[in-house]
Structures are given as C-alpha cells and as structure tokens.
There are 2 protein chains.
Amino acid sequence: MTNRTPNRKAQIVRAATDLFSRHGFDRVTIKELAQACDITEPAVYRHFKSKDDIYDAVLDSMAERMKSRDLFDSLTESDDVEVVLHKMATHVIDFFTRNEDMHRLLLYSALHKHAKASKVYEIMRGSFVKFLHDQLDRLYGQKMIVKKNNEITARCFVGMVFECALGRTLWKGMQGKTYKPADVIANNVPIYARGLKR
Amino acid sequence: MTNRTPNRKAQIVRAATDLFSRHGFDRVTIKELAQACDITEPAVYRHFKSKDDIYDAVLDSMAERMKSRDLFDSLTESDDVEVVLHKMATHVIDFFTRNEDMHRLLLYSALHKHAKASKVYEIMRGSFVKFLHDQLDRLYGQKMIVKKNNEITARCFVGMVFECALGRTLWKGMQGKTYKPADVIANNVPIYARGLKR
DNA sequence: GTCACCTTAGTTAATGCTCACTAACTTACA
DNA sequence: TGTAAGTTAGTGAGCATTAACTAAGGTGAC
C-alpha cells in the first residue's frame with residue numbers, strides 16, 4: 001500500500017472540484033480523479049459510493065467555501081450608494097478572480113439542472129442580491145436614492161457584476177481588448193450610482 | 001426504407017441543436033438524435049462523419065440564425081440614450097426568449113472551450129456590443145451623454161441584459177419571485193440612462 | 001510489551017454496459 | 001443502373017463499478 005493520507009476524502013473533493021470545473025463532470029473519469037490524488041480508481045470508492053456522490057460533495061463543499069470567507073465583512077454600510085456599489089463590485093470580482101472554479105461549477109450545475117443547482121445559486125448569488133437589496137432599502141429610507149423596485153435593481157446590478165467576472169474567466173480571450181477589473185468598475189459604478197442618487 | 005426526407009441534414013442539425021442545448025453535447029447519444037429524426041443511428045453517419053462534426057454544424061448554424069433575423073432593424077438611431085438602451089434591451093431579451101437554446105449553446109461551448117466558441121460569442125454578443133458602442137460614440141459626439149469609456153459601458157450594459165435574459169432560462173425557478181422582462185427593463189434602463197445623460 | 005484481531009484504505013483484475021462508429025446489405029429514384 | 005439514403009447487426013473502446021485480496025495501524029486481553 002502507498003502512503004495513507006490523513007484526509008483523503010477532502011483531497012478527492014478538492015481534486016474533483018478542480019477537474020469538474022475545468023472539464024465538466026461528464027468529461028472527467030474516475031481514473032483521472034484518482035490519478036490526481038495518487039491513488040487507483042477503486043480507492044476512490046472507499047470514500048464515495050458513486051461518481052454522482054462526488055459531484056454532490058463538490059457542490060456541498062462550495063457552501064463551506066462561501067461561508068468560511070465571511071462574505072460581508074468588507075461591505076461596510078455606507079450612506080453613499082456609490083460606495084456601496086463599488087465595494088460590492090470589487091468584492092465579487094475579487095472573489096471570483098480567486099475562485100474561478102466556483103463560477104464555472106455554478107454554470108455547469110445549472111445547465112445540467114442538477115438537483116443542487118438552486119442551492120448553489122442561492123449560496124453564490126442570492127446572498128449578494130439579498131445584501132444589496134437590503135442596502136438599497138435602507139438608502140431609500142434615508143432618502144439617499146430614488147424610488148425603484150430595489151429587488152430588481154439589486155438583481156440586475158449583481159448580474160452585471162457577475163457577468164463582468166465571467167468576462168475574466170469564461171469569455172477570456174473572446175472579447176478583444178481585456179480591461180482591468182478596476183477600470184471596468186471605475187467606469188460603470190458611477191453610471192449606475194448617478195442613476196440611483198436622489 | 002422509410003420515407004426519404006428532403007432535407008435530412010438540416011433536420012439533424014435542428015434536432016441536435018435542441019438536444020445539445022437542453023442536455024449538453026456529452027449527454028446526447030447519436031441514438032437519441034436519430035430517433036428524434038425518425039431514422040436509425042447509421043443513417044446519421046450518411047450526413048455527418050462524426051458526432052463532433054454535428055456539433056460543428058450546430059454552432060455554424062447559429063451564425064445563420066442570427067444573420068437571417070437582420071438584427072438591428074428594430075434598433076433605430078435615437079438621440080435619446082434611454083430610447084437606445086431600451087430598444088436594445090427589449091430586442092435582446094425578446095430574442096433570447098424565443099431562442100433560449102442559443103444562449104445555452106453559447107455557455108456550453110465556452111465552458112468546453114470548443115474551437116468555435118469564440119466565433120459563437122462574437123456572433124451573439126460581439127455584434128450587440130459593437131452596435132451599442134457605436135451608438136454611444138455617436139451620442140457622445142452629439143454631446144448627449146457624459147464622457148465614459150464607451151466600449152466598457154457597452155460591454156457592461158449588454159452583459160447585464162444577457163444576464164437578465166439568463167434569469168428567464170438558466171436561473172428560472174432559482175430566483176424566488178419572477179419578474180416580467182418589461183418590468184425589469186422599465187426599472188433598470190432609466191437608472192442606466194440617467195447615469196449616462198449629460 | 002506483544003499478540004490476535006478488526007477496521008480502514010489501499011491494490012490488481014475483471015465485469016458488464018453504453019456508445020460512437022463500421023460493415024454489409026437493400027431499396028428508391030434520377 | 002448508379003448513387004444516395006436507408007436498414008440490421010455487429011465491433012471495440014472507454015468507463016463506472018465490483019470482486020477479491022492485502023497491508024497498516026489501532027485496541028484490548030494477557
């Protein structure tokens with residue numbers, strides 16, 4: 001027997017996350033996954049009863065990864081909508097730059113209508129939308145922004161930021177010139193903020 | 001032999017487009033595809049030399065579908081940026097509501113880094129971005145909008161609209177309340193337009 | 001301490017299914 | 001009568017999963 005690794009199960013989930021996000025569930029074989037962990041195929045089945053089971057574990061682990069980075073620490077409650085939008089956009093893009101795989105897994109799971117896709121969506125986007133929605137409600141209460149449907153506004157803004165993050169991963173190299181995220185934010189957040197300010 | 005259909009090749013491409021967009025290339029078998037066309041598997045190979053070949057043809061056919069609907073007929077050149085944005089958003093969402101499959105195929109092809117993904121991206125998004133970019137340049141020339149990087153602005157706005165369209169297909173049922181596209185547009189376009197107007 | 005024994009995590013080898021693709025044959029029609 | 005477009009019946013590769021076996025290490029009796 002080769003070396004017995006302390007947390008093999010977690011190692012498999014990490015390797016599967018990487019492989020599934022890069023090639024998609026269907027194009028990753030148990031053999032590849034096992035090799036990435038320096039074990040043989042059947043050893044994988046000591047820890048998971050099926051390939052689908054591994055997918056489940058991968059999607060579950062995303063919840064942990066989101067939770068552990070206490071999301072909204074950096075998102076201070078400012079009275080300036082531009083500051084709120086700017087912090088949120090920076091935070092989201094920064095997060096996805098360092099966790100490209102999560103965005104891809106979200107798309108894969110949604111396209112395949114995986115049973116956990118809704119949960120993943122909720123974890124990854126719902127929390128941002130809810131946060132911004134609350135902030136907009138607060139700012140409206142303080143008469144800082146105009147009257148709008150704040151849920152729609154929040155969804156659209158978060159959608160735009162997610163799209164922008166995708167530009168750096170999924171659409172990379174397809175869009176002609178590549179702009180720095182900071183420049184994109186500096187260009188667009190003021191437009192949106194100006195449109196919202198009272 | 002069963003009935004000899006006049007344009008079997010086109011029929012296969014249509015059926016493949018439908019199946020690939022709904023389940024993804026890897027989860028569609030030639031058998032399913034053949035059945036959808038009321039023929040047997042080997043008959044498919046009279047028209048295409050491989051499954052990959054069919055994928056190629058599907059992606060190529062998207063270009064045709066975009067071209068044939070002369071994209072920008074409805075997009076009149078207004079002097080009001082709000083009108084321009086409104087028409088574009090309506091047009092895009094309307095288009096994807098009726099051609100959900102194309103949006104899914106774009107995502108699949110990009111995720112799988114298909115050789116034709118860039119082309120598909122260019123056809124589907126690039127043309128919108130370019131149009132809006134030109135319009136923004138024109139409006140800036142007419143001193144109707146403030147100074148911005150119009151390419152970034154165009155990309156972001158199109159991204160937001162595409163995201164919104166995805167909400168009605170990919171994220172359907174994951175977002176809690178479902179809003180009518182018209183309501184989303186009515187809420188958001190004025191924000192963006194107000195932020196841009198001089 | 002050490003020895004029997006159980007559990008856990010690994011191995012090699014095989015199994016059986018699915019699926020893309022092919023061979024060989026057939027028929028409609030220009 | 002040749003060709004294009006079908007058919008039925010394979011074939012072989014790939015892949016998830018299992019069978020059978022093995023070794024490492026912890027535990028409790030002595």
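Letters A, B, ... are given to chains in the order of the sequence lines, protein chains preceding strands, and every chain is numbered from 1.
- Cation-pi geometry between A:R125 and A:F162 is met: the NZ or CZ atom falls under 6.0 Å from the ring centre, inside 45° of the normal.
- We find that CG of A:D38 is positioned 17 Å from P of C:dA9, with the value rounded to whole Å.
- The side chain of B:I39 lies closest to D:dG6 when the candidates are D:dG6, C:dC21, C:dG10.
- With a 6.0 Å cutoff to the six-membered ring centre and a 45° limit on the axis angle, B:K51 counts as a cation-pi contact of B:F25.
- Each of B:D26 and B:R46 was assigned the nucleotide of DNA chain C with the nearest heavy atom; the assignment lying further toward the 5' end belongs to B:D26.
- With rounding to whole Å, B:I54 atom CD1 is found 13 Å from C:dC19 atom C1'.
- Between B:E41 atom CD and D:dT7 atom P there is a gap of 11 Å when expressed in whole angstrom units.
- Checking C:dA23, D:dA16, C:dA20 against every side-chain atom of B:I30, the shortest atom distance belongs to C:dA20.
- A:Y45 has its OH atom 6 Å from the P atom of D:dA16, to the nearest Å.
- Among the atoms of the strands shown, none is found under 4.0 Å from any heavy atom of B:V44.
- Here CG of A:L106 is found 7.0 Å from CZ of A:F96. Values are rounded to the nearest 0.5 Å.
- Protein atom NZ of B:K51 is 15 Å distant from nucleotide atom P of C:dT22, rounded to whole Å.
- Taking the six-membered ring where tryptophan is involved, the planes of B:Y121 and A:W171 are tilted, since the angle between them lies from 30° to 60°.
- Under 4.0 angstrom from either OP1 or OP2 of D:dA4 there lies no side-chain N or O belonging to B:R8.
- Between A:D101 and the options A:R14, A:R65, A:R22, a salt bridge (Lys or Arg N to Asp or Glu O under 4.0 Å) holds for only A:R65.
- Separating the CG atom of A:D52 from the C1' atom of D:dT17 is a distance of 12 Å, rounded to the nearest angstrom.
- As a whole-Å value, the separation of B:L19 CG from C:dA20 C1' is 16 Å.
- Toward the 5′ end of DNA chain D lies the nearest nucleotide of B:T40, the other residue of the pair B:T40 and A:F25 mapping further downstream.
- At the phosphate of D:dA4, neither OP1 nor OP2 sits under 4.0 Å from any side-chain N or O atom of B:H47.
- Side-chain nitrogen and oxygen atoms of A:T29 include none within less than 4.0 Å of the OP1 or OP2 phosphate oxygen of D:dC15.
- Distance A:R27 CZ to D:dC15 C1': 15 Å, rounded to the nearest Å.
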